[in-house]
Engineer: 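Supplied in structure tokens, the structure appears directly below.
Please read these numbers as outputs of a predicted model, since none were measured by experiment. When a ligand or atom number is given, it counts from 1 through the structure's own listing order.
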Amino acid sequence: MSKDDVVTNVVVTNTAVTEVDAGLDDEAVVLEPHAFGELIRLLRERGYLTLGPTVQDGAIVYDEIESADELPVGFTDRQEAGEYRVERRSDEALFGYNLGPRSWKQYLFPPRLRIFAAQRRGVDFEIEPPEAEPPLLAFIGIRPCEIAAIEVQDRVLRGGRYVDPWYAQVRESAFLVAVQCAQAAPTCFCTSMETGPRADQGFDLALTELLDDGAHLLLVQAGSARGREILTALHSTPPTPNERDRAEAATRRAESQITRRLDTEDLPALLEANLEHPRWADVAERCLSCANCTMVCPTCFCHTVEEVNDLTGDRTERWRLWDSCFTGEHAYTHGGDMRPSTRARYRQWLTHKLGTWNEQFGSSGCVGCGRCIAWCPVGIDLTEEVAAIRVDRDDLRSSGEGS
Ligand code: SF4
Ligand code: SF4
């Protein structure tokens with residue numbers, strides 16, 4: 001099933017919203033890996049369309065899964081700036097990889113969504129709402145930084161004055177099965193953004209995969225009443241102290257592997273004070289304005305609308321489509337382009353994401369997932385760009401010129 005099918009063909013069977021607890025459930029349980037298939041079955045029985053990681057076209061991407069066999073069992077990913085590879089592991093890990101190019105944004109804020117249609121009726125016209133009802137979705141394998149990304153989009157798309165009804169409905173009913181990271185990619189910098197590698201809230205269930213010590217197990221914690229209800233229906237055992245220790249060690253291992261850093265101190269002020277910094281021209285020499293970084297980013301929400309008319313002129317549909325601050329038309333308004341150069345577009349993206357987003361929505365627009373670094377075809381790394389601007393500022397300060 002494609003993401004377009006998800007958008008158009010799925011009918012909501014249950015939109016009950018369950019409050020997610022603020023903290024962890026101490027009553028964690030341990031599951032054998034084969035019980036994971038049972039978890040998927042239970043969610044499907046309750047009407048959820050179960051979505052999770054799959055291997056497709058050389059990447060790990062989220063799509064519908066009907067059984068645990070469809071997970072990327074025994075696969076890992078290798079990532080660096082401008083590089084991404086899926087490779088075999090030496091074990092049968094269910095979640096032994098980090099992030100692929102597609103985020104959960106594709107389901108909450110679909111790339112293409114019909115907002116409404118207008119049909120002429122004599123001298124009048126009738127407005128038709130979207131054909132499809134928002135689906136009831138279970139996100140299986142959501143990482144801590146991705147939970148944080150959804151929380152960022154919550155503030156944009158349902159937390160303010162203008163609520164996106166599709167987003168709000170899918171989000172409120174979605175069942176989140178998190179996976180705590182037991183390894184990190186070189187592109188990850190969630191520790192700088194305080195979004196990982198462990199999630200303490202925002203999920204219905206959270207799994208930690210235990211692979212060491214010769215026993216492959218899943219330690220599972222509930223974060224909501226509906227998570228607890230599912231957990232009680234699964235065959236499980238209480239964790240031993242050793243299994244709890246191993247789960248904590250897995251998070252510590254991931255944390256120790258994170259070497260990429262973004263210094264966030266005074267970041268909005270730093271960027272605002274450096275809008276004419278020569279680094280913007282430097283990065284523009286490398287940037288292709290391809291928009292990959294914004295497409296893979298789990299928080300970017302730029303979009304455009306298109307009217308699609310039929311040949312009779314009696315019917316028109318309005319579609320919302322993803323757009324990007326890197327495209328030529330995005331900043332075109334009233335006969336002029338506000339950001340005609342790549343320099344201006346990259347600067348807009350970075351200063352909004354890391355700077356003015358705070359003022360507008362109350363947090364950074366970046367969660368440190370590293371997708372924009374891995375999927376930039378020329379390997380542009382926002383952490384390096386910020387560091388270059390910061391170093392210059394610090395050099396000026398130490399020489400007494402910048403104070
Ligand atoms: S800006 Fe890059 S690192 Fe930050 S959330 Fe977006 S894709 Fe992830
Ligand atoms: S920074 Fe990289 S991914 Fe983003 S528009 Fe430029 S070339 Fe494309």
Engineer: Are R320 and F301 in a cation-pi setup, meaning NZ or CZ lies under 6.0 angstrom from the ring centre and within 45 degrees of the ring axis?
Structural biologist: no
Engineer: Of all the atoms in C376, is at least one N, O or S atom closer to atom 8 (Fe) of ligand 2 than 2.8 Å?
Structural biologist: no
Engineer: Can you tell me which residue and heavy atom of the protein come closest to atom 8 (Fe) of ligand 1, and the distance to 0.1 Å?
Structural biologist: C369 SG, 2.3 Å
Engineer: Is the backbone N or O of D263 less than 3.5 Å from a side-chain atom of R390, with the two atoms forming a donor-acceptor pair by type?
Structural biologist: yes
Engineer: Evaluate the criterion salt bridge (charged side-chain N to carboxylate O under 4.0 Å, His left out) for residue pair D310 and R315; output intermediate values, then yes/no.
Structural biologist: CA-CA 6 Å; D310 73 359; R315 182 182 173 79; 5.8 Å; no
Engineer: Are any of the heavy atoms in W375 under 4.0 Å away from ligand 2?
Structural biologist: no
Engineer: Is the shortest side-chain heavy-atom distance between E87 and D77 below 4.5 Å?
Structural biologist: no
Engineer: Would you please determine whether V367 falls within less than 4.0 Å of ligand 1 on a heavy-atom basis?
Structural biologist: yes
Engineer: Angle between ring planes, W104 versus Y107, binned at 30° and 60°: parallel, tilted or perpendicular?
Structural biologist: tilted
Engineer: Using heavy-atom distances, let me know which of C145, G370, A374 sits nearest atom 3 (S) of ligand 1.
Structural biologist: G370
Engineer: Does C297 put an N, O or S atom under 2.8 Å from atom 6 (Fe) of ligand 1?
Structural biologist: yes
Engineer: Where does A291 meet ligand 2, judged by heavy-atom distances below 4.0 Å: at the side chain, the backbone, both, or neither?
Structural biologist: backbone
Engineer: Is the NZ or CZ atom of R78 both under 6.0 Å from the centre of the six-membered ring of Y84 and within 45° of that ring's axis?
Structural biologist: no
Engineer: Starting from atom 4 (Fe) of ligand 1, which protein heavy atom do you reach first, and at what distance in Å?
Structural biologist: C366 SG, 2.4 Å
Engineer: What residue and atom, counting heavy atoms only, is the protein's closest point to atom 2 (Fe) of ligand 1, and at what distance?
Structural biologist: C372 SG, 2.3 Å
Engineer: Looking at S289, which atoms of ligand 2 are within less than 4.0 Å of one of its heavy atoms?
Structural biologist: 5 (S), 6 (Fe)
Engineer: Determine, using heavy atoms of W349 and all atoms of ligand 1, whether some pair is separated by less than 4.0 Å.
Structural biologist: yes
